[in-house]
Amino acid sequence: MYIEIINEEFDPWQKLVEYKRSQLKERTNIGACSVFLGTMRDINSGDTIKSMELQHYPDMTESYLEKIIDSSTKKFKIIDSIVLHRVGLVTPSDPIVLVATWSEHRDEAFEATRQIMESLKSEAPFWKKESTDKGFRWVEPETNQTDNNSEV
Amino acid sequence: MYIEIINEEFDPWQKLVEYKRSQLKERTNIGACSVFLGTMRDINSGDTIKSMELQHYPDMTESYLEKIIDSSTKKFKIIDSIVLHRVGLVTPSDPIVLVATWSEHRDEAFEATRQIMESLKSEAPFWKKESTDKGFRWVEPETNQTDNNSEV
Amino acid sequence: MYHSLIIMVIVVKYFASISDAIGKASEKINIQPGVTADDVWSDVSKDIKYTGKVMVAVNHEYVDMNYLLQDHDEIAFFPPVTGG
Amino acid sequence: MYHSLIIMVIVVKYFASISDAIGKASEKINIQPGVTADDVWSDVSKDIKYTGKVMVAVNHEYVDMNYLLQDHDEIAFFPPVTGG
């Protein structure tokens with residue numbers, strides 16, 4: 001498992017190549033890898049976004065990502081996984097988050113990557129502040145976020 | 001859209017880096033990318049697999065992959081996609097198939113990549129012949145493959 | 001009858017275990033109008049014992065065994081696919 | 001009463017729109033035993049008008065507003081998360 005909070009632009013595929021080279025060379029039981037990459041769009045809620053500030057809660061972020069990955073690893077028999085998340089100032093088309101999981105069979109990797117992304121979006125302490133022509137604004141959470149989140 | 005049948009070992013992430021550089025640079029409406037990579041395992045049905053021959057039906061393969069991608073592209077509003085599939089002799093841990101889709105939002109890419117993989121597994125004309133200690137054998141299809149496939 | 005003199009040429013392809021069983025990858029055969037995919041399969045498989053499921057495609061499209069062949073069609077017989 | 005003399009120190013952190021509203025990122029405050037997360041929030045937010053949903057975490061774990069604070073706890077108030 002590898003988690004990294006990154007404060008500068010990164011190449012997600014290059015990160016995968018490097019991680020695979022160093023960690024996964026001999027894992028011949030791996031049959032599937034599912035990857036999700038989230039990148040910054042230049043439009044949100046109908047407005048042009050010039051740039052975005054990604055704030056997070058250091059320490060809690062890492063411990064929460066670890067918790068999310070642990071849970072999916074057990075549930076879906078994941079062999080290995082990585083989560084990379086950008087913080088700081090990002091501009092359109094910049095990578096924001098990369099989640100990758102490796103498993104024996106495809107169902108497990110597909111479902112684990114998806115669940116990690118959903119949990120990350122609703123639980124990991126990151127916040128986005130957009131810069132638009134009308135000024136700065138904090139991004140509103142997705143409407144499907146659970147109401148009792150603070151009681152988890 | 002990019003489809004390639006590859007007759008030698010390939011680096012899937014490097015392929016993604018190159019494709020992204022050449023094709024996707026200016027697509028600032030992309031917010032999500034979902035990738036699936038299938039690799040060769042060294043065990044199947046309880047036996048050690050030394051190597052595997054991937055046969056396919058040239059021409060039908062390409063046209064079928066195109067059909068599969070077209071269908072998912074329309075259904076899930078996919079902005080771009082690639083499918084790479086290995087043929088010939090593969091050995092354990094070799095990449096076999098890479099599917100990647102790009103979309104505005106994450107649901108679309110997740111579901112498109114998944115559907116392309118499922119369709120590819122049940123419709124695209126590829127066959128695997130395994131080399132085990134007991135000799136060669138053709139891989140049996142997954143049991144959930146539809147029975148009326150020949151009538152699609 | 002006049003039209004029984006019409007001879008059409010089709011290409012037949014075999015893949016995977018079916019190619020192994022028949023002992024070749026492809027062949028050209030002559031057929032008469034009205035011949036179905038099933039007729040071709042019965043003919044080409046008459047000397048082999050192949051008990052598995054047979055898929056059939058004509059000109060790179062899946063068809064069912066009632067498909068009526070046309071001149072220059074390419075028909076392919078193969079077991080269920082196992083790629084990915 | 002004797003135990004009213006006990007003073008505990010906690011760290012309070014604020015993020016995103018709540019940090020903007022309160023005008024700082026963190027502070028140390030003194031509390032007495034028996035103080036809940038809700039008590040702290042009422043105190044620190046008394047001069048601001050913040051109507052959004054407030055999440056609360058203590059020592060990097062989500063808790064509810066009834067959480068009873070201990071000495072040296074780190075409590076954080078923030079709006080619903082929007083990462084990924």
Side-chain angles (χ1 to χ4, degrees), chain A residues 5 36-40 44-45 52-68 83-87 90 95-99 113-114 116-130 136-152, chain D residues 9-29 31 35-45 48-84:
Chain A
I5 308 298
F36 179 81
L37 174 69
T39 47
M40 185 185 157
N44 193 22
S45 306
M52 192 164 72
E53 179 74 25
L54 265 160
Q55 198 183 84
H56 77 126
Y57 181 176
D59 300 331
M60 180 167 172
T61 314
E62 286 84 343
S63 85
Y64 235 80
L65 291 177
E66 210 171 304
K67 215 169 288 188
I68 288 168
V83 173
L84 312 176
H85 203 294
R86 179 75 188 277
V87 292
V90 295
I96 291 174
V97 57
L98 178 93
V99 173
T113 295
R114 180 112 205 211
I116 289 170
M117 266 310 296
E118 299 306 318
S119 299
L120 185 155
K121 284 231 162 221
S122 67
E123 296 172 22
F126 293 100
W127 302 272
K128 291 169 175 167
K129 191 181 205 172
E130 295 172 336
F136 293 99
R137 67 180 181 201
W138 290 99
V139 173
E140 292 294 317
E142 292 179 353
T143 47
N144 60 1
Q145 193 162 327
T146 54
D147 267 348
N148 58 350
N149 219 5
S150 61
E151 297 170 20
V152 167
Chain D
V9 181
I10 60 170
V11 173
V12 191
K13 296 200 167 186
Y14 311 105
F15 293 94
S17 51
I18 290 179
S19 173
D20 285 359
I22 290 188
K24 50 188 134 185
S26 74
E27 60 185 316
K28 278 189 184 178
I29 65 172
I31 60 166
V35 163
T36 66
D38 197 39
D39 295 333
V40 175
W41 176 246
S42 298
D43 183 43
V44 299
S45 66
I48 62 164
K49 284 182 184 67
Y50 189 83
T51 55
K53 187 168 157 60
V54 179
M55 319 292 288
V56 54
V58 172
N59 303 331
H60 309 139
E61 297 278 355
Y62 286 105
V63 298
D64 67 37
M65 280 294 198
N66 298 320
Y67 183 89
L68 217 56
L69 288 153
Q70 307 298 316
D71 202 10
H72 305 303
D73 274 351
E74 174 176 306
I75 187 168
F77 297 104
F78 48 80
V81 303
T82 55

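Chain naming here is simple, since letters A, B, ... match the order of the sequence lines and numbering starts at 1 in each. Only heavy atoms go into these numbers, but all of them, side chains included; no hydrogens, no water, no symmetry mates.
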Inset, instruction - State, to 0.1 Å, how close Tyr57(A) and Trp127(A) come at their nearest heavy-atom pair, and which atoms those are. - result: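 So the two residues come closest at N-CZ3, 3.9 Å.
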Legend entry - Worked verdict on Met52(A) versus Lys129(A) for side chain to side chain contact (heavy atoms under 4.5 Å, CB included): CA-CA 5 Å; Met52(A) 192 164 72; Lys129(A) 191 181 205 172; 5.8 Å; no
Inset, instruction - Salt-bridge test for Glu53(A) and Lys128(A): reply yes if a basic N is under 4.0 Å from a carboxylate O, no otherwise. - result: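 Between Lys128(A) and Glu53(A) there is no salt bridge, as every charged N stays at least 4.0 Å from the carboxylate O atoms.
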Legend entry - SB check Lys67(A) Glu62(A) (cutoff 4.0 Å):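 Here Lys67(A) does not pair with Glu62(A) in a salt bridge, since their nearest N and O are not under 4.0 Å apart.
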Legend entry - Ile116(A) side chain reached by Thr113(A) side chain, heavy atoms, under 4.5 Å: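 No; the side chains remain at least 4.5 Å from each other.
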Inset, instruction - Pull out the residues in residues 66-73 of chain D that come under 4.5 Å of chain A, heavy atom to heavy atom, sorted by number. - result: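 Contacts with chain A: none.
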Legend entry - Ring centroid separation Phe77(D) to Phe15(D) under 6.0 Å: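 For Phe77(D) and Phe15(D), the ring centres are not under 6.0 Å apart.
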Inset, instruction - Could you check which of Gly38(A), Ala124(A), Ser63(A) has the highest count of heavy-atom pairs closer than 4.5 Å to chain D? - result: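 Among Gly38(A), Ala124(A), Ser63(A), the one with the most close pairs to chain D is Ala124(A).
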Inset, instruction - Count the heavy atoms of every other residue, nucleotide or ligand shown that sit under 6.0 Å from CD of Glu27(D), and state whether that count exceeds 12. - result: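 More than 12 within 6.0 Å, yes.
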Inset, instruction - Determine the option with the most heavy-atom pairs under 4.5 angstrom with chain A, choosing from Ala57(D), Gly83(D), Ser17(D). - result: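 Counting heavy-atom pairs under 4.5 Å, the top option is Gly83(D).
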